[in-house]
Amino acid sequence: MLKKKIIFLLGPTGVGKSAVAISLAKKINAQIISCDSMQVYRSMDILTSKVTFGQRKKVKHHLIGVINPEQEYNVAKYRQEALAICDKLFRKGKIPLFVGGSGLYYSMIVDGLFPAVPQDKLIRLKLEKQLKLKGNKYLYRLLTKVDSAAAAKIHPHDARRIIRALEVYLKTGTRISQLQKNRVGLGKEYAVKIFGLNSKRQSLYDAIDQRVDKMFNRGLINEVKRLIKHKLSRTAKCAIGIGELKGYFAGEYSLAEAKRLMQCNSRHYAKRQLTWFRKDKRIQWININKMETPSQLALKLWKKLS
RNA sequence: GCCGAGAUAGCUCAGUGGUAGAGCGCGGCCCUGAAAAGGCCGGCGUGGGGGGUCCGAUUCCCUCUCUCGGCA
């Protein structure tokens with residue numbers, strides 16, 4: 001039986017994945033599935049550097065602008081939706097091309113998520129309250145008692161992960177460290193190709209700085225002004241640019257400073273993405289050295305698909 | 001030209017007669033239902049040049065250069 005092809009194109013923010021992906025998709029009759037935790041939101045087009053509608057007409061893009069920014073989103077939802085789209089594409093004889101930079105989302109598609117233990121609002125609230133009252137040391141000690149393996153992996157300051165681990169234990173009576181062993185990723189029926197796009201650090205940072213400049217020229221300020229009239233979900237409001245511009249709107253600092261902060265935070269983000277991807281030895285890296293066009297890069301990738 | 005202040009990490013600046021720190025930046029790392037989030041680790045240095053005092057100078061003295069104020 002012929003294996004089902006799935007292709008991933010990963011890389012840090014601003015490296016130029018989108019254009020390459022479109023060019024590649026056209027060559028191989030693929031459709032693009034975004035692998036981006038922020039582009040799933042509507043009304044955040046400039047902010048998250050979505051590809052234009054015109055470009056999206058050339059190649060069908062999935063999971064871009066499908067969620068209301070007032071709603072929360074997470075990996076589990078993403079995985080479910082992305083895999084459903086994958087199946088649909090296979091039935092149509094199309095190749096799914098995942099494109100994005102959200103390392104966790106990528107990893108949960110390829111390597112799987114442990115059996116469903118969704119968030120539990122009540123348990124969460126209780127734990128968050130305890131965190132405020134008694135501090136993270138208290139919660140960490142609690143975790144050490146119920147799941148020492150998880151505690152060993154989590155830093156005592158990392159409140160978010162401590163809470164999640166406790167939540168899983170309190171809800172199911174099973175340790176998260178135990179559950180994490182049961183991951184089901186993409187099976188043998190798939191032929192998976194994973195590419196990473198990267199460039200020299202300085203060029204990447206220059207590109208990021210320029211991209212933020214362009215966002216402002218395209219009307220970022222108005223977009224964010226419109227956006228923050230609504231009560232954004234705690235996931236949506238994490239997009240780089242919202243907090244930075246809010247500070248400016250509140251008169252805490254100048255517009256130039258807001259821009260500087262955005263550039264700085266985007267660079268930090270890109271650096272963390274690279275750390276995440278670097279350890280994944282399945283990724284075939286394509287380094288952009290010269291003035292290669294997206295279609296030239298796509299051709300390079302295409303040749304490696306053979 | 002005169003007077004004053006200063007010159008220390010990529011930037012802004014502390015500090016000390018026994019070869020130096022902080023914040024930011026920068027680098028590395030962790031990551032399983034918030035992931036553009038959250039957390040951890042790392043000082044990356046010809047102390048402006050030259051001379052002197054001293055066992056020893058980044059620190060004290062002299063001088064030069066430069067920068068910033070003020071007066072001309």
Side-chain angles (χ1 to χ4, degrees), chain A residues 11-14 34-41 44 47-50 67 69 71-81 100-121 123-124 127-128 131 136 139-140 147 149-150 152-168 171-172 174-185 201-202 204-205 208-209 211-212 215 224 232-245 257 260-280:
Chain A
T13 185
S34 164
C35 186
D36 188 300
S37 65
M38 287 300 162
Q39 290 194 4
V40 292
Y41 288 110
M44 295 172 45
L47 191 66
T48 64
S49 297
K50 288 178 193 166
I67 304 290
Q71 289 185 301
E72 278 194 36
Y73 199 70
N74 63 45
V75 216
K77 285 180 188 166
Y78 173 77
R79 181 176 139 87
Q80 194 186 3
E81 285 162 15
S102 294
L104 180 69
Y105 284 20
Y106 149 73
S107 163
M108 293 307 115
I109 295 288
V110 175
D111 298 319
L113 200 65
F114 68 78
V117 181
Q119 280 182 30
D120 184 304
K121 283 263 167 355
I123 295 176
R124 282 246 153 170
L127 288 170
E128 273 158 19
L131 176 73
N136 46 22
L139 286 185
Y140 188 72
D147 185 350
K153 268 182 69 179
I154 300 171
H155 188 96
H157 292 174
D158 199 345
R160 210 167 274 191
R161 290 201 170 75
I162 297 170
I163 285 179
R164 172 62 180 159
L166 285 171
E167 174 188 48
V168 169
K171 191 165 184 188
T172 64
T174 311
R175 301 181 189 96
I176 194 171
S177 58
Q178 197 57 43
L179 291 169
Q180 282 172 347
K181 290 174 186 163
N182 306 318
R183 299 177 74 172
V184 182
R201 190 64 64 94
Q202 194 52 56
L204 178 65
Y205 283 1
I208 286 171
D209 289 351
R211 192 158 85 158
V212 171
M215 285 182 192
V224 174
L232 300 180
S233 69
R234 64 173 181 173
T235 45
K237 75 178 174 201
C238 286
I240 292 172
I242 294 177
E244 292 85 343
L245 280 174
E257 175 64 3
R260 212 210 90 236
L261 285 170
M262 275 182 73
Q263 289 168 328
C264 188
N265 291 332
S266 300
R267 288 196 300 268
H268 291 339
Y269 170 49
K271 187 165 133 33
R272 267 181 285 133
Q273 287 176 299
L274 286 168
T275 299
W276 180 287
F277 292 135
R278 201 154 30 215
K279 71 176 172 186
D280 191 327

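When all heavy atoms are compared, the tightest approach of A:Lys77 to A:Asn74 is N-OD1, 3.0 Å.
Across all strands shown, B:G21 forms a Watson-Crick or G-U wobble pair with B:C13, both key distances being under 3.5 Å. Of the nucleotides present, none pairs with B:A57 by Watson-Crick or G-U wobble criteria with both distances under 3.5 Å. Using the Watson-Crick or G-U wobble rule with both distances under 3.5 Å, B:C40 pairs with B:G28. With a cut-off of 3.5 Å on both Watson-Crick or G-U wobble distances, the partner of B:A7 is given as B:U65. Look at B:U46: it lacks any Watson-Crick or wobble partner with both distances under 3.5 angstrom. Figure legend. B:C2 is base-paired to B:G70; pairs are counted as Watson-Crick or G-U wobble with both atom distances under 3.5 Å.
A distance of about 12 Å separates the C1' atoms of B:C55 and B:G17, rounded to the whole Å. For B:G6 and B:G10, the P atoms lie 22 Å apart once the distance is rounded to whole Å. For the P atoms, the distance linking B:A9 with B:A20 amounts to 14 Å, nearest Å. B:G25 and B:U67 have their C1' atoms separated by 23 Å, with the value rounded to a whole Å. Comparing B:G27 with B:U58, their P atoms are spaced 32 Å from each other, to the whole Å. Separation of the P atoms belonging to B:C11 and B:A5 is 25 Å when rounded to the nearest angstrom. B:A22 and B:U8 have their C1' atoms separated by 13 Å, given to the nearest Å. Between B:G56 and B:G51, the distance separating the two P atoms is 15 Å to the nearest Å.
The shortest distance between side-chain heavy atoms of A:Leu274 and A:Leu204 falls below 4.5 Å. Side-chain atoms of A:Val212 and A:Arg260, non-hydrogen and from C-beta on, never get closer than 4.5 Å to each other. Considering only heavy atoms from C-beta on, A:Arg124 stays 4.5 Å or farther from A:Lys121 through its side chain. In this structure the side chain of A:Leu166 reaches within 4.5 angstrom of the side chain of A:Ile162, judged on heavy atoms. Side-chain contact between A:Ser102 and A:Met38: absent, with no pair of heavy atoms (C-beta onward) separated by less than 4.5 Å. Side-chain contact between A:Thr174 and A:Val168: absent, with no pair of heavy atoms (C-beta onward) separated by less than 4.5 Å. Under the 4.5 Å side-chain criterion, counting only non-hydrogen atoms from C-beta, A:Leu232 is not in contact with A:Tyr41. Taking 4.5 Å as the limit, some side-chain heavy atom of A:Lys271 sits within range of a side-chain heavy atom of A:Arg201.
Note on A:Arg201: a side-chain N or O is less than 4.0 Å away from OP1 or OP2 of B:G28. Look at A:Lys279 and you'll find a side-chain N or O under 4.0 angstrom from OP1 or OP2 of B:C31. At the phosphate of B:C26, OP1 or OP2 sits under 4.0 Å from a side-chain N or O atom of A:Arg267. Between A:Lys271 and B:G28 there is a side-chain N or O to OP1 or OP2 distance below 4.0 Å. Of the side-chain N and O atoms in A:Thr275, one or more sit less than 4.0 angstrom from OP1 or OP2 of B:C29. Here A:Arg278 reaches the OP1 or OP2 of B:G28: one of its side-chain N or O atoms lies under 4.0 Å away.
Taking every side-chain heavy atom of A:Asp158 into account, B:G38 is the closest of B:G38, B:A37, B:G33. With B:G33, B:A37, B:G25 as the candidates, the nucleotide lying closest to the side chain of A:His268 is B:G25. Of the candidate nucleotides B:A35, B:U32, B:C26, B:C26 has the atom lying nearest to any side-chain atom of A:Tyr205. Nearest nucleotide to the side chain of A:Phe114, out of B:U32, B:G33, B:G39: B:U32. In the set B:G25, B:U32, B:A35, the nucleotide with an atom closest to the side chain of A:Trp276 is B:A35. Here the side chain of A:Tyr105 is nearest to one of B:A35, B:U32, B:G38, namely B:A35. Side-chain proximity of A:Met108 to the nucleotides B:G33, B:U32, B:G25 is greatest for B:U32.
Heavy atoms of A:Tyr78 sit nowhere under 4.0 angstrom from any nucleic acid atom. When heavy atoms are screened at a 4.0 angstrom cut-off, A:Val168 is found touching no nucleic acid atom at all. A:Ile154 comes within 4.0 angstrom of nothing in the nucleic acid, heavy atoms only. Residue A:Asp36 is classed as a base contact, given a heavy-atom separation below 4.0 Å to a base. Across all strands, A:Thr48 comes closer than 4.0 Å to base atoms (heavy-atom distances).
One interatomic measurement links the two molecules: CG of A:Leu166 to P of B:U32, which rounds to 14 Å at whole-angstrom precision. If you measure from atom CZ of A:Arg272 to atom C1' of B:G28, you get 14 Å, rounded to the nearest angstrom. One can place OH of A:Tyr106 at 14 Å from C1' of B:U32, the figure rounded to the nearest angstrom. Between A:Arg260 atom CZ and B:G23 atom C1' there is a gap of 12 Å when expressed in whole angstrom units. Between A:Gln273 atom CD and B:G28 atom P there is a gap of 14 Å when expressed in whole angstrom units. Atom NZ of A:Lys153 is separated from atom C1' of B:C29 by 15 Å (rounded to the nearest Å). Following rounding to the nearest Å, A:Asn265 (CG) and B:C26 (P) show an atom-to-atom distance of 10 Å. One interatomic measurement links the two molecules: OH of A:Tyr269 to P of B:C31, which rounds to 17 Å at whole-angstrom precision.
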Exercise for the section: For A:Arg211 and A:Thr13, run side chain to side chain donor-acceptor pair (under 3.5 Å): C-alpha distance rounded to whole Å, both residues' side-chain angles, the deciding distance at 0.1 Å, then the answer. Expected result: CA-CA 10 Å; A:Arg211 192 158 85 158; A:Thr13 185; 2.7 Å; yes
Could you list the protein-to-nucleotides 40-44 of chain B atom pairs, N/O on both sides, closer than 3.5 Å?
| residue | atom | partner | partner atom | Å |
| --- | --- | --- | --- | --- |
| B:C40 | OP1 | A:His157 | ND1 | 2.7 |

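Side-chain N/O atoms of A:Arg161 and base N/O atoms of B:A37 include a donor-acceptor pair closer than 3.5 Å. For A:Lys77 against B:G33, no side-chain N or O and base N or O form a donor-acceptor pair under 3.5 Å.
If you find the closest nucleotide of RNA chain B to A:Leu104 and to A:Pro156, the one lying nearer the 5' end belongs to A:Leu104.
Between A:Tyr78 and A:Tyr73, the angle of the ring planes goes over 60°, which puts this pair in the perpendicular group of the 30/60° scheme.
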